[in-house]
Structures are given as structure tokens and as C-alpha cells.
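Note that these values count all heavy atoms, side chains included, but never hydrogens, waters or copies made by symmetry. Chain A is the first sequence line, chain B the second, and so forth, proteins listed ahead of strands; every chain is numbered from 1.
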6 protein chains.
Amino acid sequence: MYELGVVYRNITRADRAAADALGALGSATVHEAMGRGGLLKPCMRPIYPGAQVSGTAVTVLLHPGDNWMMHVVAEQIREGDIVVAAITAECTDGYFGDLLATSFQARGARALVIDAGVRDVTTLQAMDFPVWSKAISSKGTIKATLGSVNIPVVCAGMLVTPGDVIVADDDGVVCVSAARAVETLAVAQKRESFEGEKRAKLASGVLGLDMYKMREPLAAAGLRYID
Amino acid sequence: MYELGVVYRNITRADRAAADALGALGSATVHEAMGRGGLLKPCMRPIYPGAQVSGTAVTVLLHPGDNWMMHVVAEQIREGDIVVAAITAECTDGYFGDLLATSFQARGARALVIDAGVRDVTTLQAMDFPVWSKAISSKGTIKATLGSVNIPVVCAGMLVTPGDVIVADDDGVVCVSAARAVETLAVAQKRESFEGEKRAKLASGVLGLDMYKMREPLAAAGLRYID
Amino acid sequence: MYELGVVYRNITRADRAAADALGALGSATVHEAMGRGGLLKPCMRPIYPGAQVSGTAVTVLLHPGDNWMMHVVAEQIREGDIVVAAITAECTDGYFGDLLATSFQARGARALVIDAGVRDVTTLQAMDFPVWSKAISSKGTIKATLGSVNIPVVCAGMLVTPGDVIVADDDGVVCVSAARAVETLAVAQKRESFEGEKRAKLASGVLGLDMYKMREPLAAAGLRYID
Amino acid sequence: MYELGVVYRNITRADRAAADALGALGSATVHEAMGRGGLLKPCMRPIYPGAQVSGTAVTVLLHPGDNWMMHVVAEQIREGDIVVAAITAECTDGYFGDLLATSFQARGARALVIDAGVRDVTTLQAMDFPVWSKAISSKGTIKATLGSVNIPVVCAGMLVTPGDVIVADDDGVVCVSAARAVETLAVAQKRESFEGEKRAKLASGVLGLDMYKMREPLAAAGLRYID
Amino acid sequence: MYELGVVYRNITRADRAAADALGALGSATVHEAMGRGGLLKPCMRPIYPGAQVSGTAVTVLLHPGDNWMMHVVAEQIREGDIVVAAITAECTDGYFGDLLATSFQARGARALVIDAGVRDVTTLQAMDFPVWSKAISSKGTIKATLGSVNIPVVCAGMLVTPGDVIVADDDGVVCVSAARAVETLAVAQKRESFEGEKRAKLASGVLGLDMYKMREPLAAAGLRYID
Amino acid sequence: MYELGVVYRNITRADRAAADALGALGSATVHEAMGRGGLLKPCMRPIYPGAQVSGTAVTVLLHPGDNWMMHVVAEQIREGDIVVAAITAECTDGYFGDLLATSFQARGARALVIDAGVRDVTTLQAMDFPVWSKAISSKGTIKATLGSVNIPVVCAGMLVTPGDVIVADDDGVVCVSAARAVETLAVAQKRESFEGEKRAKLASGVLGLDMYKMREPLAAAGLRYID
């Protein structure tokens, strides 16, 4: 169970340079670099296409239909953070709109990842403040119940600890634990460095079957060709 | 149960000026102005981004896989109307395409809101005829069974009475009862008038915690800060 | 049950000219031309708007979380094909990204239709390689289990036989059996040829009620107008 | 939009004898007798098998996560009523348990139909108080916001007016408008009266093809038999 | 695409003894015996608990909301068959009730597997006629459009060919191709024969870790124990 | 992100007496006693009705389609435990059947709570080994990938720490943190102690409106009665 009614002010953020650099690699490459881990559920979608960001997580736990803690988390944001919002139960209400986005952006936040809904999406796109959410909804919320800020939360099925790195783009959202950020960056960059050469080969008509030497294991597994 | 096989020709439309003015305020603001009411379920999504409209509802009740009544409702459209289509059971078929849109547009309709699917969406966007629907589907329909026109219908969970005001944008669709349109407009405009000042304050770094004087009630509710 | 571990190298593709020409008519018109048949479920959505293609199906059967056979099917692609990928169980993993797209495109494929997820969608759009899928997900796959290539598969609820014509656009995906491609094209073109005239009439304010002579059958069915 | 904060004390209940007699016919027969109308969505399921009831509807409109009005509606229940509860937005919380059931039962209610969740289902079965709901959930609710009692509500997609007849069994829930209860009963009873003879014929091996004289229309529609 | 409007009268049913014997082994064991294949999606649930059957498939393809072909397929049933019903699009209507069950049972059918809804479930249980479906619904159907009988169909995601063996119990529904029925029975029986010994060992407290000799491969895979 | 490939052998279980006593109070009462917290999502349903248990959590993290770690967790079970199984991604496969249940039961486990599917449900009921799951499926799993045992996991949306108390019945599953078990028991028992008196009053016809003194706050909130 979650601890309610607390705000942790001091969190250990992941290495800043690694957190910043991971964004350029994209969620798919970073996910692979972690041994295919860290992904939030694919129901988390960007509210507009084309955004690609990374940053350090500050977390907030909210109750269904209640966005009071959004104002509390705003104060804990530092430059380069991404707010990760979890809800204690299923909810698609619009917890966040252009006013909160203005505040978050002023505090240095790069994005919001929320396991619920948001609104004012046209304005958010104009502001260049990206959000990954599972819903878009005009449905308003109240301000009545305490949640928490900067506790470990589960967002879209993934455990996110304050200070973890969040990487988000059109393919989805991935969470890298702060302790593994530097190592994951190295693995991801290495992985990325091979992509150009592979792409060129494949573009020239070379088959993955040959490039990855798959013909033998496929035959060993029993694959039969029928003319 | 719905009354079937009837077309009400005379409906009382909401105040025209209010119906027209509500659109500029957007679904979220109007929904808040009604005390957080009137929203259709968030499964209702625009078929293309960026449209923002309002108008008076003419309603049509259809059967699953049957769009016969779409042609009947076309005749009842007046300039400034939005057609609201409900189905007697779950269906995602494509009830509406570019030909019907041409007819609706020629009659003065501003948009369609339908608790089912539509098709020809690329053409609809080119025509600038917005639709809010829960599906996009090529699936065709037949013309075999009577529904009704201009009876109260339930669309995406909301009761819509002919003549009500519909406000729709990228955030969703909201229904304002005709009797409350003028009053809701006033409340929404007042609400809107405060937004610019708030936005400026938040953009300057002022926190909602202070602007909305939330620190005291949060402390009273037991919020603890831990360093 | 599916036959596993086989690759059929020789398939009978639909008439090339018909396969190419069907694309311009769009999925809705082609679906109607087949007596409202051939549609894949509407959960199949384009990963970016505006693409409209047709081609001959090469099929691949995959296992959940395993994209090994994607490399096997690449070799069977010929110019003008569309790859249709089915999975033996529900899965939203990202089976396909920019590297495979580069390979498919180099082999002459026009698109991918997959009853699962894909990733690198921003790059796929930049490459102009359209995909219709039921999910977008960074989630990676392994290469461990044999499926099959060019067997009849069920993709999003529709039986697709290798060589069938696939037509896909923003409205959805439709499958035309190879044997009926020429005939379907003729019916669809005839249907299309009437559209311009109808559109002009409707745009001028003529009602479908009159153009389609519906008033009498509606009255016969018992429709009542109430003033 | 719904009218909030009101309790209508005087409602016109359907003919008592008809309301009572419809239950024995079952939801499927009654639905057919209305020309295939009146059904709530099939997500409405009994919390335990075998219950079959009918009664007159008293309605209550609730807010998500708030069951305050359940206590208000209790006072409006009369012998032979069934409470129909609608929620202003999607919710699966457990609005109702054994204490409320005790109260409803003491007031004469025969069942609850609720477009949300309930709890204490083991006890409810022991009490022989049937519920049709879309969820079972321990999730508790608060008592904070006004809804309404005895206004027309939409429950699981169907418009239910206070005083309508509700028929519910293992197949689902159907609503008969008060004005049509007597007529529907007559049609349903007539329909039912033919069932015994039909069942005997079919049990003896006579085919529906022959009993319903379908062979000719099937052939006319083009059905071909292939040996 | 499906072939419409045809009834194949002569189908090759799987070996009768194998078809009959597979039922006792249950869907899970048979599925494993096929290398983890043949399963219909888990949305297919029994309408009452405890039924366990097997038989040879006769198939029927239906249209949404139309059960006309149910009467056509009845004539093609032989003793020991199970009717497998597919729909050309998503539908949860109640296609089948006690009258059709009486007819099917009189013709020798053992069960119905349908990718839609059924009704009269209380009576079906009393008749001991099991059904696996994805919905229970009172919603009635019409008799207007031709489908087909005894063509290969896709039911709940699985390709079922007439004459295949269907095994169904509380765990789900599995399809065994007629050609593999005898071989699958042998594998399944062998698998089953080891179960008693394994169960006894596990019941005595022996761990699967030791019985299946998993400790070494787990260690090789890197499993670490932390005290 | 989860830590993979580890088994924590020493966990701190909640107070045994409290863990045992909480079961009799049921999930709804315990959830209320925690201030309406601790509930797993309502998709977690018992595989058969009537079971009511409590115990201390041992946790296992599994991969989609892979139940290898089920054998690893079996060794960590002690008398009075309930196994809580989480999956790293959405999966409805049948991870658990009668053989594993035999082993778990022999080790002293009282139940399984799993965010996926199980099979052999008829046998599990006969064995009196209850399971709460989100699916029933014959679908088999492989044994190939390491997860972890006794790490904090998220199961059906709730964070479960090894040693926490699990309470499960027909209403759902609730998790009580080990540290709060004794206190929660006291609150729940106190809550329960008032129920008998309330039930008697309500059964005699006293209204909740009067028993809970709601008439005044309802009037203050603006409730209007209309005759």
C-alpha cells in the first residue's frame, strides 16, 4: 500500500548528463538496452505526435477525480524533471490543463506522464509541453484528498522511483532506474552505433536472414521451404 | 425505452447567440461552468485534430448497422445545428461518409457527434466537416429499420435533448441544456476572464499553492513534508 | 489449427493491374463493392494519417513476443506486395521497426498490416512506409520460435490468403480474394463513377430522401412526422 | 443533462399485475415482445445465478465514488419496486452492500440494477436479494455530492423512466415503459404460449427449416447446397 | 474472405474414437499435446460450470444480429458433433436459446461454441446443453442474410475446419485438426499418464525444482538467492 | 524497474494472529478500515465462489507466457502464506494448474493471487485451493526466463510487499501492509462490531437517512423534494 499525505523534498536524481542524453536514443532503444525492460503499458500515448524527451522523475500519487496534489508536486519540480503521476484507482478524468502546464513549465518540467486523462490538448501542443496519458478528457477534478509526492509509484504498470530517468517519444514511455542510467546510456549508444551500418545493408537488399546469420538456426529449428 | 418511428419537426433550439458563443470557450471550460456536468464519455474523439465548434442539437436514433434515419435527419437540419446520433446498441460501423457530410453541410450542419463509427475521414477533413465518434470504420450499413429523429437520446452516456447546445473540441464533447445555455455562457465567460491573469502569474513562477492559498488547507488535512 | 514451420515460396498473386487499381478507390468503396465484406476489425489503425495503398498479400504467422519469422517473410516479398502479419495469440508488442521497414521497402513491400504492435513510428512516417496495426509499442521481441510464411492467416478477424489484394487507408483495411479482384474492381469503379453526380446534387441541397426515393418506403415502414 | 439535487416523491408506477406477471416470462421473451427493444447492455450481469424478478423502477442518479443518494432513494421504495441506479460517469466502485440491501429489502424492494459495482455479494445471495451490476468490487464510496431520485436516467445504455417495469434474469435486464406494460405482457404471453408446441416438435427431430418454412426463402436468397 | 451462401453437406469428420476420447483429457492437456496450439481466445467461457465435452465440428458463419443460418446448420448435425459458430463482425447478441438447443440436441449435437452471445442460459443448464460463448445476452436476432455452413471459419481467433475435434471445459476451448486427432490423443494420454505420479510427489512436499531438475539451469541463467 | 533474477529468502511476515484474523472480516471491511485503501483492481475475480481467506504474501514476478519462477517461489512458501504473482506485461495465459496447486498446498499456501490466467479450475475447486485471477485460460507457458521472488511487486495495480497481509473473498482482494496489520485489524473489528445493530435497525424499517442523521446535511447541500 502507498504511504499517503507525505511530500519527500529531497530525492536523488539520476546523473544529469545521462538523463539528458538518453532522450535522443528513444524509448525503443533504451528499452532494449535494459534487456527489454522498463516500459510502461502501451496505453500511454502522446497527446500530439513528434515529441521526444527525457528527464528525471518527480512522482505524484493522486486519487480518482482529485488533482489537489498536482499543485503540491509543482513546487518540487526542478529544471530537467518529468512529472510522473499515478492514480490510486482507474480514472480517465482530465487532471491537467494549460494552467498547470504553465506552472510546470515555469518550474522547469519537460513533460508529464500520467496514468489518467488530461485536457486543453490543443493549447498544450501550442505551448510545446508534451504529455503522455491514457486518455484525453474535459472531465474536471476536485481538490479534496491528500495523496503523496516523491514516493515510489506504479504508473501504467511500471514501478517508478523518484529520480529515475523517463524517456518518452511516439513509441511510448520507458523508465530507467537512477542507478542504471549511466550504464544503460552506454549500452544504448553502442546499440545505436551499429544501426547505421545495418540500415545501409538492408537498404541495399541484403536480408536479415543473412546479415544476422539466421538460416542455420531456422533450419535447425525445423523450418521447411515448400515450392 | 425509446419511441421509434417518429420525427419531431418542431424543436425548441437554445438561444442562438449563446449557442454560438459557447464554442469559443471550449468543452472543458463549459463543463466546469455547469458544475462539472454535461460531458459525453471520453471515448468520443475527433476524427482529425484542431476542430472547435458549437451548435444546437438535432438528434437521431439509429439501429446497429443501419443508417436509414441519417437521411431522415438531414431534412430536419437548420443552419447552426450539430447532429447527435445515438445507436440502440453497441456498434462501430461506419454510418456516415463524404456523401452524407456533403448533404449535412449543405443543410447548414456544423458537425456530427455519433456514438458509433464513420468513414471517408480523409475527405471529411478536406471538407472541413468535423465529426466526434468512438470509431473509424469502413464497415457499411444498410437502410432497413426505423429509428427516430429529434427525440431525447443517450449519446456516449449523456442524455441529449433536441435543441440543447453541443460544444466540441479536441478535449471532448459537452452538452448544455437549452434552458441553461445563456446562464452557462455567462458563468463560463466569467471563468475564462480570470484565466489570463492566472496564467501570467503561474508563468512567472508563482505556485498554485500560493495563488490558490492551498498551503493551509493542505496542512490542515495532514500533509507532511519530509526532508 | 495453423500449420507451423513452413514457408510457401510459390503463391498465386492476384491480377497485378487490379491489385494496383483498387487502392485508389479506398477501403470503404471496395468493401461495399464486395457486398460489404472483407474488412479487418476497426482496431487496425494507420500509424500516421494520409496513407492509401493497395498490394498483394504475403502472409506471416508469428508467436506472441517473437518476431523471428519477420526476417523469413522478408525474403518472400516481391515488388507490389503488402505483408500481412498474424499472431497466434493476443499481443501488442512492437514486432517491427525502422530496420525491418528498410528491408521490406528494399524488397518492394508497400506496407505492413499487423495484428499486434510496431515501433519507430516517427521514422516509419519519415520513410513513407505505412503500417496498419492495433498498437504502437516500444516493447521488443525475441527470435526463438517458428511460425509460417504464406499460409492462410486470420488477421484482425479476417481470413487472408496469400496473393489476396489488400486495400488500406485512413478508414481501415480490406481484403479482396485474388479470384475476385478483377470483378471487384469493376464493381467498385462503377460505384465510384456515380459518386460525383450524387455529391453535386447533395451539395446543392437535394435531400437523400428524394435522390434515393426513400419517402415512400419510410412511410410504408410507418414513419410518422409530428409537428 | 440531468437535473441534480431533486427527489420526485410521486411517480406513476406501471400496472401492478402486469409488472408482476412479466417476470415469469423472462427478459428474452419480454424483449422480443417489444419488437426487440428495452434491453440494457449485456455487461449487466447477475451477482449470483438463478434469480428471476420483475418490478417497478425507482431510479437514482449517483456520482462516481459517491453513494449518498442510495440512502435517499431507500425512502422512496414501495413494495414491488426495483431500484435502478445510474452513475454520471464510468465507475466500478462498490456502491451497495449488505446493510443497504437490508434496508432496501425492508422497504419492499425486490432487486437492484446498477451501472457500477456492488459488494458483500456472498451475503446478498444468502439474503436472496438479487443485484444486476457491471462489476463486483470492495471499493468503498463516500457520501458528499447530491444526485437525484426518480428522474429519468440512463442505465447501461437504456433510458429508464421511474415507474417503468424492469424484468431481470440470468439472460439480462429489460425495461418496459409503464405505458406499454399491459400490452407487452399480452404479446409476451401469446409468444410464450406457442413455445411448448414448438419445443415438442423440435425435440422430435423436426427441423426449424421445415417448421418455420424457411427452405423457400433461403433458396430465393440464393443458398446453394454442395455435396 | 469467406464464401457466402453455401452449405457443404459432406465433410470429413475426425476419427470418432479419438474425437470422443479427447474430451476426458481436457482442454489444457490437449492444448499442450499439440505443442501449445489450437486454443480459442480465453474470452470464450462456459455459460455454466462443470461441463466437459468433445466432438466433431460442424461450422456455421453468421452475420451480426442475424441467426438465420442456425436453422440451416441444424440439418447438418450428426450424432457427436459440436456446432462452431463464427460471426462476420463483432457481435454479442443472443443468437441461440432453448428452442434451437432443443433442435440441436435432438439432432445429436453435444454443445455449441459461438463467438457471440446466447440466451435462455438457465434453461440450457437444465437441459444439460453446454455452450461456450463470449457473452450472455437477451438481445434477439433477425433472419435475413445468408452466411454459410461447413466452411472453414475463424472462431475467437482460431481457424476451425469442419470435421476438426473440439474439446471444451471450464478452462476453455481447443481445436484439434482432424488429421492430427489420433496422434494428439496418443500424446495427450501419455502426458496424462505421468500426472498421477507427479501429483503424488508434489503432494508429499517434493519441489518441482527438484522433480524437474531445475536448480542447475536456474543457476546457469543467473538466479541468485539472498538471505 | 524491477530487480530480476533474485530470490529473497528472508522476509518479514506480518503478525500471524492479525494476518489470520483479518480474513474473517472480509475484503470490504478491511479496505474501509484502511481509509478505503489497499484494493487490487476489480478485474481480480475468484475462480469459484465462496472462498474467503487471508495470509501473508510471498511474491513472484513472472514474464509473459513463462511460469518458471512459479517453481522457485514454491520453495519459499511457509504455512499461512498466499502467493501473489505479478507479470512484467499484460498476459492472460494459464500460469498455474492442479500440479502447482498440489505443490503450493503441500508447502502450506492458502491461495494464489495472480495478475494473469490459471487453468484446471474444476480441479482447483475440488482441491479447495482458491485463486483470484483476471483470466481463466488453458494457454500453456514455457520455462525460460528469470523473474524474481519476494521483491515488491505490482499486482492488479496495487503495490504488494513480501510479508503484507492479503485478504480475499468474493468481493475482491485487499493488501494490508505488514506494519499496519495489527492496527487495521483493530479498526476493522470495531467497524464490524457496529454492523449487527445497524442491520437490525435497518431490517426493522429505520432509514439510513435517520440512522446516520443525513437529512440535515442533505438539506444543507440543497436537496429538494418535489411532490
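- Comparing D:G26, D:S27, D:G172 by how many heavy-atom pairs each has under 4.5 Å with chain E, the most go to D:S27.
- Within the structure, every pair that satisfies the ring pair (Phe, Tyr, Trp, His ring centres under 6.0 Å) test and touches residues 124-153 of chain E, not counting sequence neighbours, is listed here: E:F96-E:F129.
- Side-chain atoms of D:I166 and D:V160, non-hydrogen and from C-beta on, do get closer than 4.5 Å to each other.
- Side-chain contact between E:L99 and D:R199: present, with at least one pair of heavy atoms (C-beta onward) separated by less than 4.5 Å.
- Counting heavy atoms from C-beta on, the side chains of D:T88 and D:P64 come closer than 4.5 Å.
- Annotation: side chain of E:H63 is in contact with side chain of E:L4 (closest heavy-atom distance under 4.5 Å).
- Residue contact with chain E, scored on non-hydrogen atoms closer than 4.5 Å, is absent for D:Q52.
- Within residues 69-86 of chain E, the residues having any heavy atom under 4.5 Å from a heavy atom of chain D are, by residue number, E:M69, E:H71, E:V72, E:A74, E:E75, E:Q76.
- For the 3.5 Å distance criterion, the side chains of D:T56 and D:R16 qualify, holding a donor opposite an acceptor.
- With a 4.5 Å cut-off on non-hydrogen atoms, D:L218 touches chain E through its backbone and its side chain both.
- Per-residue counts of heavy-atom pairs under 4.5 Å with chain D were compared for E:L100, E:T145, E:T141; the largest is that of E:T141.
- Here the closest heavy-atom approach between residue D:V167 and residue D:L22 is recorded as CG2-CB, 3.8 Å.
- Side-chain contact check for D:Y225 versus E:V149: every heavy-atom pair is 4.5 Å or farther apart.
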(request) Carefully, step by step, assess E:R45 and E:K134 under the rule side-chain contact (heavy atoms from CB on, under 4.5 Å). (result) CA-CA 6 Å; E:R45 300 297 305 142; E:K134 73 173 176 195; over 6 Å; no
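- With a 4.5 Å cut-off on side-chain heavy atoms, E:S177 and E:D164 count as touching.
- When heavy atoms are compared at a cutoff of 4.5 Å, D:P217 approaches chain E by way of both its backbone and its side chain.
- Summarising the local packing, NZ of D:K201 is surrounded by 12 or fewer heavy atoms from other residues, nucleotides or ligands at distances under 6.0 Å.
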Pairs of donor and acceptor atoms involving the side chains of residues 206-214 of chain D, under 3.5 Å and at least two apart or interchain, shall be tabulated with distances.
from	atom 1	to	atom 2	distance (Å)
D:D210	OD1	D:R215	NE	2.7
D:D210	OD2	D:R215	NH2	3.3

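- Top candidate by heavy-atom pairs under 4.5 Å with chain D, chosen from E:S138, E:G5, E:S148, is E:S138.
- With contacts defined as side-chain heavy-atom distances shorter than 4.5 Å, the pair E:L146/D:R224 does not qualify.
- Top candidate by heavy-atom pairs under 4.5 Å with chain D, chosen from E:N10, E:I136, E:N150, is E:I136.
- Contacts with chain D were tallied for E:A144, E:A106, E:G140, E:A101; E:G140 has the most, counting heavy-atom pairs under 4.5 Å.
- For residues 112-122 of chain E, a heavy-atom distance under 4.5 Å to chain D picks out E:R119, E:D120, E:V121, E:T122, given by residue number.
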